[in-house]
Amino acid sequence: MRRSQYPCSVGRFYITTPIYYVTDAPHVGTAYSTINADALARYHRLAGDEVLFLTGTDEHGQKVADTAEANGVTPQEWTDRTSQRFRDAWTMLNISNDDFIRTTEDRHAESVQKFLTAIYENGYIYKGVYTGMYCVSCEDYYTSESLNEGLCPIHRRPVVEMEEENWFFRLSAFEDRLLEYFTSHPGFTTPETKRNEALAFIKGGLQDISITRTSISWGIPVPWDSAHVFYVWYDALINYLTAIGYGRDDAEVDKWWPHVTHLIGKEIIRFHSVWWPAMCMAAGIEPPAHVQVHGWLLVGGQKLGKSMGASGAVKLTDIAPKTLVDEFGVDALRYFLLRDTPLGTDGEFSIEALTSRYNSDLANNLGNLVARVATVVASKCDGVGPAPSASSPLATEAADALSGARAAWENFQPHLALERTWRLIGAANAYLETHAPWKMEPGAEVDQVMGDALEAIRVVTLLIAPAMPATADAIWSRIGLDGSPTDVGLDAAAWGAYPGGRAVVKGDPLFPRIKSDA
RNA sequence: GGGGCCGUAGCUCAGUGGUUAGAGCAGGGGACUCAUAAUCCCUCGGUCGUGGGUUCGAUCCCCACCGGCCCUACCA
């Protein structure tokens, strides 16, 4: 049974991450976004949907050009190098993206120019004069409202009024249509608190936005005015269409659009839930079906973010995924990020919390379950896994876990999906405890208990596959099954499919306990 | 300044206008010994931020305040 709350559940699932700005290095925050998107993509593949999973890098803008110059290379060389860091990070984290888009690619320039020309021809782009308060240190404009007593809020220095002739997008024309869209598509932006934020913003009145620059050259040229390039954010959003061939392959666009989920951080709600649907409307296509917002990871209550060096607090960029992977393993990091923080709320990130999850959930519950079952099968069943019984009490537990996890994944709640899955692990451990097969003589009774336990493990393996693909493959193999959980799909998680008669291998501990030396 | 979110057990969080507010982890006790000193059972533990108000009754609704945070239109 499929939930229809989200319009993207139509047998096709297109999910995107934000495209990451190349001046940053991949860090736990970007890994959090990407791992969540990956798990959702893997879930939908497992559930039988046709999936397109897109991530990439945002490579235009003045900051990139400046950074490249500071490093003595061209912007293109610089972005080639920095973009690659994201590819490498995602490879390390076992991210299954189907495409990786770079905004400096030709295909993107082509789509952007076609998309914006469509808006232009529809009359929603006009030439105007942008007047703003400019901070020389930031090289950035501020609105008068955002100034702090007339000073730049970051540098606390005076700003100067500057004028620039720009092309503007008539965002103001879409207020009513956006409100109508939010009303008729209540699941457009989730969770609801974030939807309310976007809605309140629209109701507060929309102003036109400046979408081009003449002061910089590292961007996509405006087709009808070669003196201008598009402002970085305005070209960035269009990547979601570039990847499905906007302006180049209409069939592909029709196939995937608008049934898309944009997974984003809460700081870019406005771009995705206000600008972007308006841009789509202006270009004459449907707005995206779904924006799923996630919160931020905090360290000690502090934002794990970018420019907070002045406070001396831990910065997100200080925590490289690689160091965590080296210590805990890829799947443990994935599990922690998916399990500990619900999508939509801020979460605490700490080594202590990661260690705690690792030891209790992965080592003690899951890893130990697999190990103890393998041992008993070896000693009481000659190492051959028996088939399960149809009437096992674990069958009910497994069915509950399957339906609960399924619903949670469909509703973009990986943490809940894993919580449901772990209930089955707990039930399997308790089941072993009550029957104590290690006290029994080999025979039918032991076979039944161990067959049930193996079947529970098999179901668990299918359910964790989106979150921990490598672990799922490893367990699958240890209980004697061929191939991978992804080969059989989620429907195979119905109770009773463990065939029996398969050699069960114990192997090394999947998650050796980590001694906390705190 | 304006808009919004959050504040529930030591920790991370669920939750509902109504008899005794829940879970996991941590802590305590017991059982077991197949297993990664793992597991299983039981248990301790909360003036539900503060002060008012609405109500027969509020943790949940309203107001104020305190504390933390986000957005305010160019950085996940």
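A note on names: the letters A, B, ... follow the listed sequences, proteins ahead of strands, and every chain is numbered from 1. Below, all heavy atoms of this structure are taken into account, side chains as well, without hydrogens, waters or symmetry copies.
For A/K506, a side-chain nitrogen or oxygen approaches OP1 or OP2 of B/rU36 to under 4.0 Å. The shortest distance between the side-chain N/O atoms of A/N365 and the OP1/OP2 oxygens of B/rU39 is below 4.0 Å. Taking 4.0 angstrom as the limit, A/N196 places none of its side-chain polar atoms (N or O) nearer than this to OP1 or OP2 of B/rG4.
The A/K439 side chain lies nearest to B/rC32 when the options are B/rG3, B/rC71, B/rC32. Listed nucleotides: B/rU36, B/rA73, B/rC75. Nearest to the side chain of A/Q207: B/rA73. Listed nucleotides: B/rA76, B/rC75, B/rA35. Nearest to the side chain of A/N368: B/rA35. Side-chain proximity of A/K266 to B/rC40, B/rU33, B/rC69: nearest is B/rC69. Closest approach to the A/E433 side chain among B/rA73, B/rC32, B/rC69 is made by B/rC32 (side chain taken as heavy atoms from C-beta onward). The side chain of A/W438 sits closest to B/rC34 out of B/rC70, B/rC40, B/rC34. Which of B/rC75, B/rC69, B/rG3 sits closest to the side chain of A/A200 comes down to B/rG3. Minimum atom distance to the side chain of A/S356 is reached by B/rC25, of the listed B/rU72, B/rC25, B/rU36. With B/rU39, B/rC5, B/rC40 as the candidates, the nucleotide lying closest to the side chain of A/N364 is B/rU39. Comparing atom distances between the A/S360 side chain and each of B/rC25, B/rC75, B/rC70 picks out B/rC25 as nearest.
Salt-bridge annotation for A/K380 and A/E445: absent, with no side-chain N of the basic residue lying under 4.0 Å from a carboxylate O of the acidic one. Salt bridge status for A/K266 with A/D346: present, with a side-chain N to carboxylate O gap under 4.0 Å.
Comparing B/rU8 with B/rA38, their C1' atoms are spaced 32 Å from each other, to the whole Å. Annotation: B/rA9 and B/rU47 have their P atoms spaced 9 Å apart (nearest Å). Nucleotides B/rC62 and B/rG18 place their P atoms 15 Å apart, quoted to the nearest Å. Straight-line distance between the C1' atoms of B/rC42 and B/rC56: roughly 39 Å, to the nearest whole Å.
A/H415 and A/F336 have their aromatic ring centers separated by at least 6.0 angstrom. Taking the six-membered ring for Trp and the full ring otherwise, A/Y124 and A/F174 have centroids separated by under 6.0 Å. With ring centers used as reference points, A/W276 lies 6.0 Å or more from A/Y234. Ring centroid separation for the pair A/F188 and A/H290 does not come in under the 6.0 Å cut-off.
Across residues 370-382 of chain A, A/A371, A/R372, A/T375, A/V376 each have a non-hydrogen atom less than 4.0 Å from an atom of RNA chain B (numbered order). Scanning residues 447-455 of chain A for heavy-atom distances under 4.0 Å to RNA chain B yields an empty list.
If you measure from atom CG of A/N359 to atom C1' of B/rA38, you get 11 Å, rounded to the nearest angstrom. In this entry the distance linking CZ of A/R195 with C1' of B/rC70 reads 19 Å, nearest Å. A/R513 places its CZ atom 12 Å from the P atom of B/rC25, with the value rounded to the nearest Å. Taking atom OH on A/Y358 and atom C1' on B/rU12, their separation rounds to 21 Å, with Å as the unit. Whole-Å rounding puts the A/F349 CZ to B/rC11 P distance at 20 Å. A/L432 has its CG atom 14 Å from the P atom of B/rU36, to the nearest Å.
Mapped onto RNA chain B by nearest heavy atom, A/R270 and A/G265 fall at different nucleotides, with A/R270 at the one closer to the 5' end.
Counting only N and O atoms by type, the side chains of A/S83 and A/E59 include a donor and acceptor under 3.5 Å apart.
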Trace of the side-chain hydrogen bond (donor to acceptor under 3.5 Å, both in side chains) decision for A/D331 with A/T471 = CA-CA 7 Å; A/D331 279 359; A/T471 300; 2.7 Å; yes
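Scanning all heavy atoms of the two residues, the minimum distance from A/N166 to A/F168 falls at O-CD1, 3.5 Å.
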key: Per-nucleotide pairing state of RNA chain B [Watson-Crick or G-U, under 3.5 Å; [ ] pseudoknot-crossing; | other strand]   = (((((((..((((....[...)))).(((((.......))))).....(((((..]....))))))))))))....
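Between A/W275 and A/F271, the ring planes lie perpendicular to each other; the angle is over 60°, past the 30° to 60° tilted range.
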